[in-house]
Amino acid sequence: MAKERLDKLLAHEGFGSRKDIRKILRKYEVLVNGSRTYDPATQIDPDTDTISVDGEKVNLHQHVYLMMNKPQHVVSSNKDGEHQTVFDLLDDSFRTPYLQDKLHLVGRLDMDTEGLLLFTTDGELTHRLISPKNHINKTYLCCLEHPETPDHQQEITAQFAEGIEVGPDDNDPPFTTEPAQIKWIDASTAHLTIYEGKYHQVKRMFIAVGNKIAFLKRISMGRLELDPELKPGEYKELYDDDLEKLNN
C-alpha cells in the first residue's frame with residue numbers, strides 16, 4: 001500500500017482535523033515505530049508501520065466495514081433535510097472529515113424497511129456487491145398484509161421462480177424480475193431471495209400477486225447474515241471472517 005501522511009492517517013482514525021493533529025504532535029508523545037515525531041508530514045506505511053499516541057497504539061484501518069441493523073423511519077442517506085439518517089446513528093469516530101468523504105452505503109433500504117445495511121470505504125467491494133452482473137443474493141423477511149392459502153403459495157413460488165412482471169412505481173417503469181426463491185414460514189410470512197435491487201422491488205413483486213408487504217427486513221447479503229445480537233440502530237465493525245463471506 002502507498003505511504004500516506006501521518007496527519008491524514010490520524011484524521012482518518014478520528015483524532016480531529018489536521019490542525020488538531022499538529023497540536024497533538026506538540027502536546028503528546030506520538031511515536032512512529034517507537035521513535036517520537038513532531039512532523040505531521042511523516043510518511044507512514046499502514047501495512048508495516050506502527051503508531052502510538054500518548055502510549056495508546058493506533059489501529060490503522062486500510063478500509064472501514066460496518067454492518068448496521070437499520071431501523072424503520074430512518075433514511076438510507078448521508079444527508080436529509082427532514083428525517084434522521086443512518087449516518088446520524090454512527091459514533092463520531094466514523095464521522096470524521098476524512099471518513100465523511102469516503103464512507104458510503106452499499107445499496108440502500110427504504111425508509112420503512114429494517115435490517116442489514118453495509119457501510120464501507122472500499123469502493124471495489126461496493127461495485128462488486130451492487131453490480132447487476134454479479135447477481136449477489138439478498139434475502140428478506142417478508143410479512144404480508146393478508147395470509148395466503150397453500151394453493152396460492154405454490155402459485156407465487158412458481159411465478160417468482162420464473163420471474164414475474166411487476167408494474168410501474170413512481171417514475172420507475174415496469175420490468176420482469178430475475179428468478180427469485182421464496183420459502184414460506186407460515187401463511188403470511190416468508191423469506192424471499194432476490195438477485196437484483198430494483199426500486200421497491202420486493203413490494204412490487206407481492207403487489208403483482210395480489211398482496212402487500214406489512215413489514216420488510218433484509219436478513220442477509222451474499223453469505224453475510226445480519227448479526228441477531230444487533231438491535232435496530234446498532235452496528236458493528238466487520239473483520240476477517242465476515243469479510244470473507246462478502247468476498248466469496
Side-chain angles (χ1 to χ4, degrees), residues 66-77 80 82-90 105-119 129-130 136-161 163-172 174-175 177-236 238 242 245:
L66 302 176
M67 170 197 289
M68 176 180 284
N69 184 358
K70 177 196 169 294
Q72 289 183 315
H73 313 305
V74 176
V75 179
S76 295
S77 175
D80 186 275
E82 298 181 10
H83 304 97
Q84 187 180 36
T85 76
V86 291
F87 283 87
D88 293 332
L89 302 176
L90 298 179
L105 297 174
V106 183
R108 298 172 183 268
L109 290 175
D110 294 341
M111 186 172 177
D112 58 352
T113 301
E114 290 187 9
L116 174 59
L117 189 63
L118 296 178
F119 301 72
L129 290 176
I130 67 175
I136 301 297
N137 59 293
K138 294 168 281 287
T139 299
Y140 294 82
L141 172 65
C142 307
C143 299
L144 305 179
E145 286 191 358
H146 310 294
E148 295 287 358
T149 65
D151 286 345
H152 200 216
Q153 286 183 7
Q154 290 184 1
E155 290 180 24
I156 293 172
T157 300
Q159 287 178 285
F160 284 2
I164 186 170
E165 184 171 341
V166 303
D169 191 339
D170 293 337
N171 294 322
D172 203 74
F175 71 97
T177 67
E178 294 184 10
Q181 290 78 49
I182 187 168
K183 293 183 179 180
W184 293 94
I185 299 171
D186 56 37
S188 58
T189 313
H191 286 158
L192 176 65
T193 300
I194 62 174
Y195 299 85
E196 52 198 330
K198 299 290 183 66
Y199 182 66
H200 289 172
Q201 179 171 338
V202 174
K203 297 174 182 177
R204 293 161 75 181
M205 290 174 70
F206 280 102
I207 289 173
V209 294
N211 212 322
K212 289 185 177 181
I213 289 286
F215 173 79
L216 187 62
K217 181 175 184 176
R218 184 158 65 196
I219 58 175
S220 69
M221 180 182 292
R223 295 193 300 114
L224 182 67
E225 297 181 354
L226 178 65
D227 187 338
E229 298 296 320
L230 290 178
K231 298 176 182 178
E234 293 183 343
Y235 61 92
K236 70 174 188 178
L238 299 179
D242 287 326
K245 296 175 183 177

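Basis for what follows: all heavy atoms, side chains included, without hydrogens, waters or symmetry-related copies.
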May I ask you to decide if [Y]'s main-chain N or O and [X]'s side chain share a donor-acceptor pair within less than 3.5 Å?
X    : Y    : value
R218 : G115 : no
S77  : T85  : no
K70  : L118 : no
E178 : E196 : no
N211 : H146 : yes
T139 : I219 : no

How far apart are the closest heavy atoms of [X] and [Y], and which atoms are they?
X    : Y    : answer
P232 : P71  : CB-CB, 3.8 Å
E148 : Q153 : O-NE2, 3.4 Å
I136 : G222 : CG2-N, 3.9 Å
V86  : S76  : CG2-CA, 4.1 Å
L109 : E114 : CD1-O, 3.7 Å
K217 : F215 : CB-CE2, 3.8 Å

TODO: For the pair I156 and M205, evaluate side-chain contact (heavy atoms from CB on, under 4.5 Å) and give the outcome as yes or no after the intermediate values.
DONE: CA-CA 10 Å; I156 293 172; M205 290 174 70; over 6 Å; no

Mind checking whether [X] and [Y] have side chains closer than 4.5 Å, heavy atoms only?
X    : Y    : answer
L226 : M67  : yes
Q181 : N137 : no
V75  : E82  : no
K236 : D242 : yes
L216 : C142 : yes
F160 : I194 : no
N69  : D227 : no
Q201 : V166 : no

Spacing of [X] atom [atom1] and [Y] atom [atom2] [to the nearest 0.5 Å]:
X    : Y    : atom1 : atom2 : result
H73  : M111 : NE2   : CE    : 7.5 Å
L116 : L230 : CG    : CG    : 9.5 Å
L89  : Y235 : CG    : OH    : 8.5 Å
Q72  : T113 : CD    : OG1   : 7.5 Å
R108 : I130 : CZ    : CD1   : 10.0 Å

Open item on the list: As a quick check of understanding, evaluate side-chain contact (heavy atoms from CB on, under 4.5 Å) for I182 and H191, giving each step before the final call.
Closed with: CA-CA 6 Å; I182 187 168; H191 286 158; over 6 Å; no

Open item on the list: Just to verify, what does K203 make a salt bridge (Lys or Arg N to Asp or Glu O under 4.0 Å) with, not counting sequence neighbours?
Closed with: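 So K203 forms a salt bridge (Lys or Arg N to Asp or Glu O under 4.0 Å) with D110, D112.
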
Open item on the list: Can you list everything that forms a salt bridge (Lys or Arg N to Asp or Glu O under 4.0 Å) with R204? Sequence neighbours excluded, please.
Closed with: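 For R204 the salt bridge (Lys or Arg N to Asp or Glu O under 4.0 Å) partners, ignoring immediate neighbours, are D172.
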
Open item on the list: Just checking E145: does its CD atom have more than 12 heavy atoms from other residues, nucleotides or ligands closer to it than 6.0 angstrom?
Closed with: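 Count over threshold, so yes.
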
Task: N171, CG: over 12 other non-hydrogen atoms inside 6.0 angstrom - done: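 12 or below, so no.
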
Open item on the list: For L66 and L90: C-alpha separation, side-chain torsions, deciding distance, then whether side-chain contact (heavy atoms from CB on, under 4.5 Å) applies.
Closed with: CA-CA 10 Å; L66 302 176; L90 298 179; 3.9 Å; yes

